[in-house]
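Side chains included, hydrogens not; waters and symmetry mates left out as well; all remaining heavy atoms used. To find a chain, count down the sequence lines: A is the first, B the second, and so on, and within it residues start at 1.
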Number of protein chains: 2
Amino acid sequence: MNIGDVSRLSGLPAKTIRYYEDIGLIKPLRSSNGYRAFRDKDLHKLNFLARARSLGFSIEDCRTLLELYEDQDRTSADVKKVAETHLERIDEKIRELKAMRETLNELVDACHGDHRPDCPILKGLSSPTQ
Amino acid sequence: MNIGDVSRLSGLPAKTIRYYEDIGLIKPLRSSNGYRAFRDKDLHKLNFLARARSLGFSIEDCRTLLELYEDQDRTSADVKKVAETHLERIDEKIRELKAMRETLNELVDACHGDHRPDCPILKGLSSPTQ
DNA sequence: ATGGGGCTTCCCGCAACTGGAGGGTCAAGC
DNA sequence: GCTTGACCCTCCAGTTGCGGGAAGCCCCAT
């Protein structure tokens, strides 16, 4: 398979796939013409990466998960730990965003949004949030 | 005021303040020794920026908001529009994160997390999410 | 005068790609 | 055999919003 094929099959842009090779996540073979030659194994890994990335795992997490994926002697505890740590990061991010959302929403609600210059949003931004 | 002073007062790192000058968000004067000389006006802007950034506004949004802040002829509708657009981006982000959280949580819950290699998390990542 | 801050500029690096330039390869159609 | 277009290759620069660190002034206290 050429890069275009695995790109279509995995849904990942060819650029991304080349990047993943650059940073050592996948190691496709090469044809005599210099084209990357992907095996089923490479495609599986790309699908794995696409799904892990879509769940928000960092590239480094993905590297770890791929290693565990390929290690027959892994323990599920190791995998779970990575996932739980990531879950906590997600929760933290959600909390942050909700806090932003709340403050911002109050400001937006207080703003008339008419032709006049008077604006509680700008006022809120220019005076301390207590 | 020197950069250290406004850094302490605004809570922004000196590096960040220099960066904001680089990209034209603030325009402090210069003392004869080459040091940046910040006026109250600059400090106000830095505080404004710190608060806008903490609400998740992008630098470009901040630039727009600062312009509106300084424009006596603005309309509050213009400000509100920027804020509402940002609010929608936040909501979208929260939705994404919650979807991730849900999927990830299911996988984590299904995983024993013991010494055995069998792991639903890796299985989930290696087979299509239907 | 010497030591320790503080300030300056400049350049590199981060994450995770994306875009584009400049060029080789391959298969089909004429 | 030649061209055309769709692929593919590498390499370099840019994105966002800074942070780290080098190399070198400046200023004040001892």
A:Ile23 has an atom CD1; how far is it from atom P of C:dC17, in whole Å? 8 Å
OP1 or OP2 of C:dC7 less than 4.0 angstrom from a side-chain nitrogen or oxygen of B:Arg36, does that happen here? no
Between A:Asn33 and D:dC8, is there a contact of a side-chain N or O with OP1 or OP2 at under 4.0 Å? no
Please report the distance, rounded to the nearest Å, between CG in B:Leu49 and P in D:dG17. 12 Å
Terminal helix-axis angle for the helix from C:dA1-D:dT30 to C:dC30-D:dG1, with five pairs defining each axis and rounding to 10 degrees: 30°
Return the value, rounded to whole Å, for the distance between atom NE2 of B:His86 and atom C1' of D:dT16. 15 Å
According to a strict under-4.0 Å criterion, is A:Tyr20 in side-chain N/O contact with OP1 or OP2 of C:dA16? no
If I take atom OH in residue A:Tyr19 and atom C1' in nucleotide C:dA16, what distance separates them, rounded to the nearest angstrom? 5 Å
When all nucleic acid strands are considered with a 4.0 Å heavy-atom cut-off, which category describes B:Arg18: base, sugar-phosphate, or nothing? base
Donor-acceptor check, side chain of B:Arg53 to backbone of B:Cys62, threshold 3.5 angstrom: yes or no? no
Rounded distance (Å) that lies between atom P of D:dC7 and atom CD1 of A:Ile17: 14 Å
Closest nucleotide of DNA chain D for B:Ser58 versus for B:Tyr35: which of these residues is on the 5' side? B:Ser58
Distance-only donor-acceptor test, A:Lys15 side-chain atoms vs C:dG20 base atoms, 3.5 Å: yes
Is the shortest side-chain N/O distance from A:Thr16 to OP1 or OP2 of C:dT18 below 4.0 Å? yes
Should A:Arg63 be listed as having a side-chain N or O under 4.0 Å from OP1 or OP2 of C:dA15? no
Side-chain N or O of B:Arg53 less than 4.0 angstrom from OP1 or OP2 on D:dT16? no
Would you kindly give the CG-to-P distance between A:Asn2 and C:dC26, to the nearest whole Å? 10 Å
